[in-house]
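To start, the structure itself, in structure tokens.
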Amino acid sequence: METHRIEGTTVLVSGGSSGVGLAVAKGLARLGARTVLLSRDAGRGRDAVRAVQQATPGAEVDVESRVADLTSPASVTRLVDGLGSTVGSLDVLVNATGSVGERGDLQPGIPRSFATNALTHHLLTRAALPLLRQAPEARVLTVGVAPALVRRLGDVAVDGVDANASGVRVLTQAVAWKLLLSRHLAETEPGISAVVFHPGLIRSDLLGRQALPLRLLGSLANRFARSTCPVAEHLASRTADLGPAGGMVDDRGRTVPLPASISTANAERSWAASERLVSELQ
């Protein structure tokens, strides 16, 4: 996949202290972007900054970390206001926050796993829109799942989240809402390109706190995993073709066909539902 230097751009990477987010940050910093990592923990953020610097030995990389709780509207507002006062505009937003195995509710009616895997992307993207609109070729890149799972998406609950659904069902809905978020941006923000991408197999500690079988699976996968994310580097390059507006690409940059449920009408409904759910987090 083709990549280009992107000096003079600013990128914001959520979930940037580990896993896919950290892999993306390493690549974009290497291409010359001013890279801002988001983390919930200041210590992990500092560790991530060092990891990005070490990934490009001998080169000057402009990288920093900022702390934010992406399930808190107030925290996200403070983050974006602070970022706006220092950078003025945002060229690339990478939504890489995600989790597996979270249990319980963030608050009544909102499963914690759904908040982390769907609402955080909505909340951060919505808050960052004024900064993205200031950039000439802004891009919103959201981490998705394997194309085979996307193709199996059937009907999607777009007017709310079923708090009584199984954990797998809640995560499936979160996947759909990521796709619908990009579709909504494609319909309503003509100056911003949006795409969901499958990062491929990336070294991660995502399964490190799960039951033993999942920990073993994660350890095995990491033996074959990458520490960088070439498709994200390709998509962040200003001349890259993102494919159909609001669509999805696989880890080789190829367009992934989406099910009929990822429609303009459903995108509008899921956006409205996300707005309602986010308002309940105030």
Grab the two heavy atoms, one from A23 and one from I202, that are nearest each other, plus how far apart they are.
-> CB-CG2, 3.6 Å
Do V150 and P259 touch side chain to side chain, with heavy atoms closer than 4.5 Å?
-> yes
Minimum heavy-atom distance between G98 and N117, given as atom pair plus value = CA-OD1, 3.3 Å
Would you check if D41 and V67 make a side-chain contact, meaning some heavy-atom pair closer than 4.5 Å?
-> no
Applying side-chain hydrogen bond (donor to acceptor under 3.5 Å, both in side chains), which residue pairs with at least one partner in residues 74-88 are found, sequence neighbours left out?
-> R66-T86
Student check: side-chain heavy atoms of T142 and V195 closer than 4.5 Å | no
Does a donor on one side chain sit under 3.5 Å from an acceptor on the other, for S39 and S65?
-> no
Of all heavy-atom pairs linking G21 and A96, the shortest is CA-CB, 3.7 Å
List the steps and the verdict of side-chain hydrogen bond (donor to acceptor under 3.5 Å, both in side chains) for T120 and T97.
-> CA-CA 7 Å; T120 58; T97 306; 4.6 Å; no
Nearest heavy-atom pair of V249 and V256: which atoms, and what distance?
-> C-CG2, 3.8 Å
Check whether any side-chain heavy atom of F114 lies under 4.5 Å from a side-chain heavy atom of Q173, and answer yes or no.
-> yes
Any side-chain heavy atom of L38 within less than 4.5 Å of one from V13?
-> no
Taking the side chain as every heavy atom from C-beta outward, state whether L31 and E233 have any atom pair closer than 4.5 Å.
-> yes
The residue among V196, L141, V140 that forms side-chain contact (heavy atoms from CB on, under 4.5 Å) with S182 is V196
Enter the distance from L12:CG to D91:CG here, rounded to the nearest 0.5 Å.
-> 11.5 Å
T172 OG1 to L153 CG distance, which is reported to the nearest 0.5 Å | 7.0 Å
Measure from the side-chain N and O atoms of K178 to the backbone N and O of V143, and report whether any donor-acceptor pair falls under 3.5 Å.
-> yes
Going by atom types only, do T264 and R183 share a side-chain donor-acceptor pair under 3.5 Å?
-> yes
Minimum side-chain heavy-atom gap N266-R269 below 4.5 Å = yes
Applying salt bridge (Lys or Arg N to Asp or Glu O under 4.0 Å), run through R50 and D47 and close with a yes or a no.
-> CA-CA 5 Å; R50 285 192 290 270; D47 290 343; 2.2 Å; yes
Without hydrogens or angle criteria, can the side chains of N95 and T125 be said to hold a donor-acceptor pair below 3.5 Å?
-> yes
Run the salt bridge (Lys or Arg N to Asp or Glu O under 4.0 Å) check on E64 and R34 step by step: do they pass?
-> CA-CA 8 Å; E64 63 176 291; R34 176 179 183 176; 3.2 Å; yes
All heavy atoms of P199 vs all of V231, minimum pair found to be CA-CG1, 4.1 Å
Look up atom CD1 in I192 and atom CG in L93, then write down how far apart they are to the nearest 0.5 Å.
-> 9.5 Å
Taking side chain as C-beta onward, heavy atoms only, is I6 less than 4.5 Å from T9?
-> yes
In terms of hydrophobic clusters joined by side-chain contacts under 4.5 Å, are L90 and V87 together?
-> yes
Smallest separation among heavy atoms of I262 and A176, with atom names | CD1-O, 4.0 Å
Aromatic ring proximity H122/W271, centre distance under 6.0 Å = yes
